[in-house]
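Residue numbers begin at 1 in each chain, while the letters A, B, ... track the order of the sequences.
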Amino acid sequence: MTLRVYDTRSRSKRIFKPLVDGQVGIYACGITPYSPSHIGHARQAIAFDIIVRWLRKTGFKVNYISNFTDIDDKIISVSSVEGVDFLEVANRNIDDYFQVMDSLNVIRANSYPRVTETIPEIIEMIQDLIDKKHAYVTDDGVYFEIDTAPEKYGQLTGQTLDMVRKGAGGRVENTGSGKRDHRDFALWKSAKEGEPNWISPWGKGRPGWHIECSAMSLKHLGERFDIHGGGTDLVFPHHEAEIFQSECCLGHEPVVQYWLHNGMINIDGEKMSKSVGNFWTVRDALEKIEPLVLRYALINAPYRQPVDFNSVMIDDSISHHGRLLNSYSKALHSSEGLRNDYIGVENLVEAADRIRSGMDDDFNTRIALVEVQSVVKYLASLIDSDEKNPLLMSSYVQWLEEFAGEVLGILPTPEEAISRYEDKMLRRSEIAARVESLLEMRKSARVSKNWVESDRIRDELTEIGVVVEDGPEGTKWRISE
RNA sequence: GCACGGAUGGCAGAGUAGCUAUGCAAGGGAUUGCAGAUCCCUGGACCCGGGUGCAAAUCCCGGUCCGUGCUCCA
């Protein structure tokens, strides 16, 4: 099977062919750590986590780099409001990032470079751009001059210089900057009084917003690399600026072979933003749902589509994921520690094929989830019947661990699943005697058609977390989810 | 305004020409004191208008609507 990926630059799905056979270099724009991570960050991290997982799964050796822009205007403003060092702000939020992303089962990148650790390379790159006449020095910093490479304009957005000139014309006068043209962008910003700064040939200052990614991707992945990713909101101007910087500096194009962009998150159909007040940090979300359920929710749509975060989708995710976990734990328990391939089980082989072709088609996690759901459904019916053949159960376990676990990352470890299961069984045995005696009382109430008493007892059982189910073969009970 | 993306049943979302997924929800039935769980069954969609095809959700043209970007943003 062939992997195809949607490339923003060519605006089409292209067959993926890495620069070096069997190896992939991938750079994804990470966060500016000025506040705790929100669910949009989580979506980005998970989207690229899954891309990397799939690339590895299909045999590529992947070098995955994701950066932190740990110096920028907003970090400075938080630090001055709080009266603490800017690095304290950045570090605090980076710690938060790792904590929440770990809990969401995001496999760590090979490296997380930071701007503040890449200053010499950034300065070198800017100097190079000045030497090559692509940049000019002013009182307030260094700027990239768009007119020195006009043909590169609109590579990702399809906009032309004229369009943008019309759209934003005249803005430069208001910025008070030394830009020659409003479309030029800062490579280096001179330090204002009291701002963090580094020494450069152009005086004390700090890097502009876009240059760091050009410098860090060059440093870690080289002069050409395979995939560059990030949220769609970074397409313009950030990624276009990177194209200018990297390609003008290195003198060849393309530096990036494939541009991949994940979609944004909407809340109840509206863009998530602080001003609307519909803003969810990851921790907010985790107060309502478990980490793997959040992960499930965020891969429920293909990564390029917007995800609408609303109560219906949250509830759906909770029940779907719960069903998955339930069946997995039960199958795991019934497999009695056996391990068996699923190769001989026809429906599993077919489901696996469909997942593979779905994932090969621009990492379509939605298709993958559909297959997981249908396998779970089938497994649940097996468990319900008496076909709990340990060997067969272990085939299902194996399948789920491969696709729901390894590929999608929505399965807990077997130890965790078993321990949850056993906790439940333990709880069951702890309350069994009491439940049984209540059920006896209820039974006699029912025999005498005393429905009031019967329902009262059922309510009492509900309160201690027991679900009562009357069936043709008598009354069963289970611990509620 | 310009650019990019999207428009499929109640909802989420597959599907690039021929048989239209899948999940949830809904309706009917079995079971049932009621509820729940389970099982069986069912209906239901391709934004609009043209065009090309024997055949179009799928290709082409025009339009409408929505989202995002054009300013810091994953």
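For the C1' atoms, the distance linking rU58(B) with rG18(B) amounts to 11 Å, nearest Å. Rounded to whole Å, the separation between the P atoms of rA7(B) and rC39(B) comes to 33 Å. When the C1' atom is used for both rA12(B) and rC19(B), the distance is 25 Å, rounded to whole Å. When the P atom is used for both rC47(B) and rA57(B), the distance is 10 Å, rounded to whole Å. rG10(B) and rG27(B) are spaced 13 Å apart, taking the C1' atom of each and rounding to whole Å. One C1' atom belongs to rC60(B), the other to rU52(B), and the distance between them is 7 Å to the nearest Å. To the nearest whole angstrom, the two P atoms, one in rG9(B) and one in rG13(B), are 11 Å apart. For the C1' atom pair drawn from rU68(B) and rG50(B), the interatomic distance equals 30 Å after rounding to whole Å.
With a 3.5 Å ceiling on both atom-pair distances, the Watson-Crick or G-U wobble partner of rC24(B) is rG10(B). Pair check for rA35(B) finds none; no Watson-Crick or G-U wobble contact set falls under 3.5 Å. In this structure rG1(B) sits in a base pair with rC70(B), meeting the Watson-Crick or G-U test at under 3.5 Å. Across all strands shown, the partner of rG62(B) is rC48(B), judged by Watson-Crick or G-U wobble contacts whose two distances both fall under 3.5 Å.
Using a 4.0 Å heavy-atom criterion, one finds that His320(A) contacts the sugar-phosphate atoms exclusively. Nucleic acid contact for Gly40(A): base, since at least one base atom lies under 4.0 Å from a heavy atom of the residue. Within 4.0 Å (heavy atoms only), Tyr6(A) reaches sugar-phosphate atoms of the nucleic acid but no base atom. Base contact: Lys74(A) has a heavy atom under 4.0 Å from a base atom. Backbone-only engagement by Pro302(A) is indicated by non-hydrogen atom pairs under 4.0 Å involving sugar-phosphate atoms exclusively. Residue contacts shown for Glu469(A) include a base, since a base heavy atom lies under 4.0 Å away. If you check every strand for non-hydrogen atoms under 4.0 Å, Ile265(A) touches a base. Residue-level contact check: Asn262(A) touches the bases, meaning some heavy atom is under 4.0 Å from a base atom. Within the 4.0 angstrom heavy-atom criterion, base atoms lie near Ser454(A). Contacts of Asp72(A) with the nucleic acid, taken as non-hydrogen atoms under 4.0 Å apart, are absent. Nucleic acid contact for Arg442(A): base, since at least one base atom lies under 4.0 Å from a heavy atom of the residue. No engagement by Met313(A) is indicated, since no non-hydrogen atom pair under 4.0 Å with the nucleic acid exists. Note on Asn450(A): nothing from the nucleic acid sits closer than 4.0 angstrom, heavy atoms only. Heavy atoms of Gly263(A) sit under 4.0 angstrom from at least one base atom.
Between Asp49(A) and Arg295(A) there is a salt bridge, with a side-chain nitrogen of the basic residue lying less than 4.0 Å from a carboxylate oxygen of the acidic one. Using a 4.0 Å cut-off between charged nitrogen and carboxylate oxygen, Arg442(A) and Asp470(A) count as a salt-bridge pair. Salt bridge Glu436(A)/Lys476(A): absent, no basic N to carboxylate O contact under 4.0 Å. Of the charged side-chain nitrogens involved, none lies within less than 4.0 Å of a carboxylate oxygen, so that Glu242(A) and Lys152(A) do not count as a salt-bridged pair. Ion pairing between Arg456(A) and Asp459(A) fails under the 4.0 Å rule for side-chain N and carboxylate O.
The side chain of Asp455(A) lies closest to rC34(B), out of rA14(B), rG15(B), rC34(B). Checking rU22(B), rC34(B), rA74(B) against the side-chain heavy atoms of Gln373(A) singles out rU22(B) as nearest. Comparing rC24(B), rG15(B), rA37(B) by their nearest atom to the side chain of Asp316(A) picks out rC24(B). Nearest to the side chain of Ile367(A), among rA74(B), rC24(B), rG15(B), sits rG15(B). Set against rA74(B), rG36(B), rG5(B), the side chain of Arg11(A) has rG5(B) as its closest nucleotide. Proximity note for Asn300(A) (side chain, C-beta onward) versus rA37(B), rG33(B), rA12(B): the nearest is rA12(B).
For rG9(B), the base adopts the anti conformation, since its glycosidic angle falls more than 90 degrees from zero.
What separates CG of Leu234(A) from P of rA74(B) is a distance of 6 Å, to the nearest Å. Atom pair Ile299(A):CD1 and rG23(B):C1' shows a separation of 14 Å (rounding to whole Å applied). For His261(A) and rG6(B), the NE2 to C1' distance is 17 Å, given to the nearest whole Å. As rounded to whole Å, 12 Å separates atom C1' of rA37(B) from atom CZ of Arg323(A). Atom pair Asn364(A):CG and rA21(B):C1' shows a separation of 12 Å (rounding to whole Å applied). Atom C1' of nucleotide rA74(B) and atom NE2 of His228(A) are separated by 12 Å, given to the nearest angstrom. The CG atom of Asp362(A) sits 11 Å away from the P atom of rG6(B) (whole-angstrom rounding). Tyr296(A) places its OH atom 13 Å from the P atom of rG13(B), with the value rounded to the nearest Å.
For the residue pair Val106(A) and Ala45(A), the shortest heavy atom distance occurs at CG1-O, 4.1 Å.
Here the side chains of Trp259(A) and Gln155(A) are not in contact, with every heavy-atom distance at 4.5 Å or above. Between Lys192(A) and Glu195(A), some side-chain heavy-atom pair lies under the 4.5 Å cut-off.
A side-chain N or O of Asp70(A) and one of Thr116(A) form a donor-acceptor pair less than 3.5 Å apart. In the model, Asp73(A) has no side-chain atom that pairs as donor or acceptor with a side-chain atom of Tyr34(A) under 3.5 Å.
Within a 6.0 Å sphere centred on NZ of Lys13(A), other residues, nucleotides and ligands contribute more than 12 heavy atoms.
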At under 4.0 Å between heavy atoms, which parts of nucleotides 38-46 of chain B does protein reach? Answer with one letter per nucleotide, 5' to 3': B base, S sugar-phosphate only, - none.
S--------
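Interface remark: the Arg458(A) side chain does form a donor-acceptor pair with the rA35(B) base, using a distance-only criterion of under 3.5 Å. Side-chain atoms of Asp470(A) and base atoms of rC34(B) include a donor and an acceptor less than 3.5 Å apart. For Arg446(A) against rG33(B), a side-chain N or O and a base N or O form a donor-acceptor pair under 3.5 Å.
Aromatic stacking is not marked for Phe236(A) over rG69(B), as the cut-offs of 5.5 Å for the centres and 30° for the planes do not both hold.
Nearer to the 5' terminus of RNA chain B, by closest-nucleotide assignment, is the contact made by Ala301(A) (compared with the other of Ala301(A) and His38(A)). When each of Arg366(A) and Gln44(A) is assigned the nucleotide of RNA chain B bearing its nearest heavy atom, the one mapping closer to the 5' terminus is Arg366(A).
The aromatic ring centres of Tyr143(A) and Phe185(A) sit 6.0 Å or more apart.
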